[in-house]
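These notes concern the structure reproduced below.
In what follows, chains carry the letters A, B, and so on, assigned in the order in which the sequence lines appear, proteins first and then strands, with residues in each chain numbered from 1. Side chains are part of it too, since the values below use all heavy atoms of this structure and drop only hydrogens, waters and symmetry mates.
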Amino acid sequence: MNIEEKIGIALAKALEELYGEKIEAEKINLQPTRKDFEGNYTFVTFPYTRIAKQKPEAIGEALGKAILEKEDLVSAYNVVKGFLNISISQSYWIELLLDIQTDASFGKLKANDQKVMVEFSSPNTNKPLHLGHLRNIFLGYSVSQIVEAAGYEVMKTNLVNDRGIHICKSMLAYKKFGNNDQPTKERKGDKLVGDYYVKFDKEYKAELEQIKAEIAVKQPSLTGKELEKSADLQSSLLNEAKALLQKWEAGDPETVALWEKLNNWVYDGFDVTYKRLGVSFDKIYKESDTYLLGKDIIEEGLQNGVFYKREDESVWINMEQEGLDEKLVLRADGTSVYITQDIGTAELKFSDFPMQKSVYVVGNEQDYHFTVLKVIMQRLGRDYADGIYHLSYGMVDLPSGKMKSREGTVVDADDLIDEMEETAQNRTEELGKIDGFSKEEAQKLYQQLAMGALKYYLLKVDPKKRMLFNPEESIDFQGNTGVYIQYTHAKICAILRKADKDGIDYKNASLKGLSDMAKTEEELIFLLNKYPEKISEAAESYSPATIANYAYDLAKLYSKFYAELPIFVEPDANKLAFRVVLSAAVASTIKKALGLLGIEAPERM
RNA sequence: GGUUCCGUAGCUCAACUGGAUAGAGCAACUGCCUUCUAAGCAGUAGGUUCCAGGUUCGAGUCCUGGCGGAAUCACCA
């Protein structure tokens, strides 16, 4: 049982004894005491004035007195207005610290026998990964780490969109202009295929302009949307791409061979990037395997009245009771739409991995799609439907505006990482921090710092918010950054190395007699103690930002301690050992928290 | 136009889910390296939490109505 539970029970008991009203201990809401007041936990008494028929201050006094007597971990209390501030005795803080120190898996919650699937990345195979994908990938990876730490069994999946008109556009451009172009080390396969996608768009736009000019002469009455539509229909490039898609669907060997060749190039390119990003997947789904799924479920839904058929044979669902419109789920000619295959894929996922929760990390432009998907699965009576969660995140904008792959105005993932590593190297060399590093070690450090900065930058923000990314300014290495947290960790590692060298046996030190703990030290243990709670909070809301902010708070508080209370000049051996133990606990907690964000914690930097 | 999301210091973000005097970082300014790593610490300055009502002991947080921005409302994926 943790401190808060103990106090909660004590307070509930006191409330019952004093005022004769039974209140569940879980309902007792404690919060950290604000800095300007004495105490560790604060209990707000306003809500209890009705049952107590007393003033808030009087309730606070009465409760404070009661728990001070009954619960020996409470060492003092004070009441300000309706706020009861409770102080915890130092011996309990020390006991807590020792528990944390000895528990190698501190923070990890008990296995709860539930499964979660997290789908993320889900790229198209017609272009390289860019900054927008990075937000997705980091979010997905971090959420799976967090959920795992919260006791779930996790499967990370990647649903690759490897078919469709967009790939055919790349294929067509390659056919027309490729000249047997091959990927090289300098130009990975995903880059190559992406170049042809841009090439297609360029040629296509030029063709459209020409067609529009012709229409303007022949049919000057056509304007706006009608003009666009008419031009589209006349575009030979677009029609050729469509024809290619039909050939692919018909299984034409030459087309399929080209498709496989280009896709494999892209996969090879992606693998390199994924590796640099430090992410992996447990299972890959490909849309070329799943795009025909879902029709049998539509049939099932028709049988039991979830869907209905219109005169033209198309199939629909009416979601007015959920405040949504009608939605088509199968075309009149019996072919699938996007939602059809997602229904089928949801079912496939569940049969592969019978999960209670299914997280889709997908941009917020698909909010509507996923609310519809969830409603449909619920109407179909699927057990897992309530566990469907769309982790919707906002777009990453550039100062120049939106990123558009078609127009080549994106921040390429590989280029960005290169730049970050270069910045890390320059900065590190300027500061002269690599004495004693081998070349390989230095290189590894640059990678760790670059990824740390990038991941933290993208994860510390609430996913829902759209964010601005300024590549000119690059990413900071000072202040509220990943590097700052890594740096704090490295400083502690230096302390631990010194402690070992000096032969300080802090691991077996008895800290029992310690009494005059500094405020900062107490606050540090308080914050360490919060870590498991933060994990469950982050898991519940699928929010890496919670962990990112926690890691920063912990590093910040430790830095204060570090400057305030030098360790090795401390004459009292017990106190010295205590500070080393405290430092060790902070370091391992920082490392774990960073791990949940997918960030490595170097021991020297 | 309907729906959903967002709006907090000049900028980028927090705020324990309704609690006390709204906190950090960046940028600016002032101190602190003969000490365990200064990628650091301490401090100064910066706020009508978009606006107007409401709910209550208490609202950045909940409700209503505006304003501003974004997404979506395809037999595209």
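- With hydrogens and angles ignored, no donor-acceptor pair closer than 3.5 Å exists between the side chain of Thr481(A) and the base of A39(B).
- Among the nucleotides G19(B), A39(B), A77(B), the one closest to any side-chain atom of Glu287(A) is A77(B).
- Base orientation for U17(B): syn, the chi torsion being within 90° of 0.
- Nucleotides U55(B) and C16(B) have their P atoms positioned 25 Å apart, rounded to a whole Å.
- In this structure, Lys81(A) does not pair ionically with Glu57(A), as no charged nitrogen and carboxylate oxygen lie closer than 4.0 Å.
- In this structure, the aromatic ring of Tyr487(A) is not positioned over the six-membered ring of the base of G40(B) within 5.5 Å between centres and 30° between planes.
- Between Glu4(A) and Lys530(A) a salt bridge is recorded (basic side-chain N to carboxylate O distance below 4.0 Å).
- Remark: the Asn85(A) side chain and the A20(B) base include a donor-acceptor N/O pair separated by less than 3.5 Å.
- Of the candidates A71(B), U37(B), A77(B), A77(B) carries the atom nearest the Asn161(A) side chain, counting heavy atoms from C-beta on.
- Of the listed nucleotides (C75(B), G19(B), U37(B)), U37(B) has the atom at the smallest distance from the side chain of Lys491(A).
- The Asn29(A) side chain lies nearest to U17(B) when the options are A77(B), U17(B), G7(B).
- For Asp162(A) (side chain) and Ser288(A) (main-chain N/O), a donor-acceptor pair under 3.5 Å exists by modelled atom type.
- Here, A70(B) and G23(B) have their C1' atoms 27 Å apart, quoted to the whole Å.
- Stacking between Phe46(A) and the base of G58(B) is absent under the criterion of ring centres within 5.5 Å and planes under 30 degrees.
- Residue Tyr562(A) has its side chain nearest to A38(B) when only A38(B), A39(B), U8(B) are considered.
- No contact: Asp36(A) has no heavy atom under 4.0 Å from any strand.
- Using a 4.0 Å heavy-atom distance criterion, Thr428(A) is classed as a base contact.
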>> Let's go through Leu159(A) and Glu287(A) carefully: what are the C-alpha distance in whole Å and the side-chain angles of both, what is the deciding distance for side chain to side chain contact (heavy atoms under 4.5 Å, CB included) to 0.1 Å, and is it a yes or a no?
In response: CA-CA 7 Å; Leu159(A) 175 59; Glu287(A) 280 195 19; 4.1 Å; yes
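- Comparing the C1' positions of A15(B) and U49(B) gives an interatomic distance of 11 Å, to the nearest angstrom.
- The side chain of Gln478(A) has C26(B) as its nearest neighbour among C26(B), C41(B), U72(B).
- Counting only heavy atoms from C-beta on, Arg163(A) has its side chain closest to A77(B) among A39(B), A77(B), A20(B).
- Among C6(B), U17(B), C36(B), the nucleotide with an atom closest to any side-chain atom of Lys464(A) is C6(B).
- Tyr552(A) comes within 4.0 angstrom of the backbone, heavy atoms only, and of no base.
- Between Arg34(A) and G23(B), a side-chain N or O to OP1/OP2 separation shorter than 4.0 Å is present.
- To the nearest whole angstrom, the two P atoms, one in U61(B) and one in C6(B), are 13 Å apart.
- Between the side-chain ring of Phe568(A) and the base of C36(B), no stacking contact exists by the 5.5 Å and 30° definition.
- Asn126(A) has no side-chain polar atom (N or O) that falls below the 4.0 Å cut-off from OP1 or OP2 of A77(B).
- For Lys433(A) and U37(B), a side-chain-to-base donor-acceptor distance below 3.5 Å is present, hydrogens and geometry of angles not being considered.
- For Lys35(A) and Asp325(A), each mapped to the nucleotide of RNA chain B holding its nearest heavy atom, the one lying further toward the 5' end belongs to Lys35(A).
- Applying the 4.0 Å criterion to OP1 and OP2 of C76(B), one finds that Arg331(A) has a side-chain N or O inside that range.
- A cation-pi arrangement is not found for Lys327(A) relative to Tyr338(A), the charged atom failing to lie both closer than 6.0 Å to the ring centre and inside a 45° cone about the ring normal.
- Judged by closest nucleotide on RNA chain B, Pro463(A) is the one of Pro463(A) and Arg50(A) placed further toward the 5' end.
- Of the candidates A39(B), C41(B), C36(B), the closest approach to any side-chain atom of Tyr484(A) belongs to C41(B).
- A 3.5 Å limit on both hydrogen-bonding distances identifies no Watson-Crick or G-U partner for G47(B).
- For the atom pair CD1 of Ile86(A) and OH of Tyr77(A), the computed distance is 11.0 Å after rounding to the nearest 0.5 Å.
- For Gln31(A), the side-chain atoms get nearest to G19(B) when compared with the rest of A24(B), U72(B), G19(B).
- Not a single donor-acceptor contact under 3.5 angstrom links the side-chain atoms of Asp462(A) to the base of C5(B).
- In this structure the side chain of Leu324(A) never reaches within 4.5 angstrom of the side chain of Glu320(A), judged on heavy atoms.
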